[in-house]
2 protein chains.
Amino acid sequence: MLQITRDGEYAVRAVLFLAGRAEGALSLISEISEAQEVPKSYLSKIMQHLVRAGLVKSRRGARGGFYLARKPEEITLREAIEAVEGPIFLNVCLIKKGECHRDEFCPVHQVWKEAQKRLFEVLDGKTMAQLVIDGESLLKKKPKKKSARKSPASV
Amino acid sequence: MLQITRDGEYAVRAVLFLAGRAEGALSLISEISEAQEVPKSYLSKIMQHLVRAGLVKSRRGARGGFYLARKPEEITLREAIEAVEGPIFLNVCLIKKGECHRDEFCPVHQVWKEAQKRLFEVLDGKTMAQLVIDGESLLKKKPKKKSARKSPASV
DNA sequence: ACATTTAGGATGATTTTAGTCCTATTTAGC
DNA sequence: GCTAAATAGGACTAAAATCATCCTAAATGT
Ligand code: SF4
Ligand code: SF4
């Protein structure tokens, strides 16, 4: 359907959450689940994937939890997504040369190539660090909408 | 999976085929199916969708067939895809405001918005007419690879 | 009439999606 | 060493999407 799955969406939320914590601080599944509104048991699977993909590290047992394996500046949005969804290919012919045998003479192939490149430019261009900053600005700017241009108090 | 479905892929192939015919010329399902390597019975459904979407017109009965409802210059790649797949939304929050209730304070939302915009720029930027031309160039340029830089004859 | 074509619906196998749940293992702290 | 707290991992499932096939109805040119 040319849409990201819940896996990818939840992975981004989880990684973004960890990026917002102090470096190396441990977060519990239950914390992440509640803050990011992801079903706890489902999130458990997502975290496993993220650990295996090397994006997140975990400590088991009492006082365990999850933390980022790398600094938020070094994790892109695309990486978070692909860690759980696998590599993105907008069409089968982008998987590898010859995957679609029409690729050599197909004019549409080139367009998908370009489209994917452009998509990646956006997804690679955002790091978790930047997203955390963006998120903070959003919270500051929009506590309520329809702000009466001057005085913050009203009614 | 963030990948176009066979529906979309086949729709593009079919519309592109029709775009390559003379204006108003009728093409049979069997012709399109064979040329574009799409299962005939499946293609039948795709063509129905394209007709209902208003991209293609059909004539039933003997000497019937399909032809483009508009000129190839006026049909974009995105239209061909969305005609059978429905509108593209890279993430649920792009469907409409409030579809994801986090959208107002979610920094990732903005990125998806930008990503989709860029994707659409590419998909909207290619018309069927242009793709036909592109296809012709590809056929001229690459009859064989590893061309011996000068003489076309060899062995 | 008849052959040719598309229209449309019913059906179905397989895969993906979006989860849940239970047990095993690891670890900290007492 | 025991125990409580956590993650690891696998089994399982319901529902939906994907990728088709097949059959009958309707339309149309000759
Ligand atoms: S766009 Fe062209 S090359 Fe890519 S899958 Fe479709 S036919 Fe094959
Ligand atoms: S990116 Fe943000 S707004 Fe969009 S679906 Fe995810 S959480 Fe919601």
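Computation of the quantities below employed the complete heavy-atom set of this structure, encompassing side-chain atoms and omitting hydrogens, waters and symmetry-equivalent molecules.
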Residue closer to the 5' end of DNA chain C, A/Ser44 versus A/Gly61 (nearest nucleotide):
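On the 5' side of the pair lies A/Ser44.
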Earlier contact from the 5' end, DNA chain C, for A/Ala62 and A/Thr5
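Going by which nucleotide is closer to the 5' end, it is A/Thr5.
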Take the protein atom [atom1] of [X] and the nucleotide atom [atom2] of [N], then report the distance between them rounded to whole Å.
X       : N      : atom1 : atom2 : result
B/Gln48 : D/dA20 : CD    : P     : 17 Å
A/Tyr67 : C/dT27 : OH    : C1'   : 13 Å
B/Lys40 : C/dT6  : NZ    : C1'   : 13 Å
B/Lys57 : C/dT5  : NZ    : P     : 21 Å
B/Leu43 : D/dC22 : CG    : P     : 15 Å
B/Glu31 : C/dT5  : CD    : P     : 9 Å
B/Gln3  : C/dT15 : CD    : P     : 16 Å
A/Leu50 : D/dG9  : CG    : C1'   : 15 Å

Closest approach to the side chain of [X], judged atom by atom: which nucleotide of [options] is it?
X       : options               : answer
A/Arg6  : C/dA18, D/dA4, D/dT21 : C/dA18
A/Lys45 : D/dC19, C/dT20, D/dA8 : C/dT20
A/Tyr42 : D/dC19, C/dG19, D/dA6 : C/dG19
B/Ile29 : C/dT6, D/dG29, D/dT21 : C/dT6

Quick check: any donor-acceptor pair below 3.5 Å linking the side-chain of A/Arg60 to the base of C/dT25?
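Such a pair exists between side chain and base.
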Within the supplied structure, the quantity of interest is the number of heavy atoms (other residues, nucleotides, ligands) at a distance under 6.0 Å from B/Glu34 CD; does it exceed 12?
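Open.
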For the CZ atom on A/Arg63, are there more than 12 heavy atoms of other groups (residues, nucleotides or ligands in this structure) within a distance under 6.0 Å?
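12 or below, so no.
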For A/Ser41, which contact category applies under a 4.0 Å heavy-atom criterion: base, sugar-phosphate, or nothing?
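If one applies the 4.0 Å heavy-atom cut-off, A/Ser41 turns out to touch a base.
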Categorize A/Met47 for me: base, sugar-phosphate, or nothing, with a 4.0 angstrom heavy-atom threshold over every strand shown.
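Answer is nothing: A/Met47 stays at 4.0 Å or more from every strand.
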So B/Met1 and A/Glu85, do their side chains get closer than 4.5 Å, heavy atoms only?
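Result no, sub-4.5 Å side-chain heavy-atom pair not found.
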Does the side chain of A/His109 pick up a donor-acceptor pair with the side chain of A/Glu104 at under 3.5 Å?
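Not at all, the side chains of A/His109 and A/Glu104 share no donor-acceptor pair under 3.5 Å.
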Can a side-chain donor-acceptor contact be found between A/Asn91 and B/Glu9 if the only test is distance below 3.5 angstrom?
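Looking only at side-chain atoms, A/Asn91 and B/Glu9 do form a donor-acceptor pair, the distance falling under 3.5 Å.
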Can you tell me if the side-chain N/O atoms of [X] get under 4.0 Å from OP1 or OP2 in [N]?
X       : N      : value
A/Ser58 : D/dA8  : yes
B/Tyr10 : D/dA20 : yes
B/Arg63 : C/dT4  : no

Are the side chain of A/Arg13 and the backbone of A/Gln36 linked by a donor-acceptor contact shorter than 3.5 Å?
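Looks like yes, one N/O pair under 3.5 Å.
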Using heavy atoms to find the nearest nucleotide of DNA chain D for A/Ser27 and A/Met1 separately, return the residue whose nucleotide is more 5′.
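Nearest-nucleotide comparison on DNA chain D picks A/Ser27.
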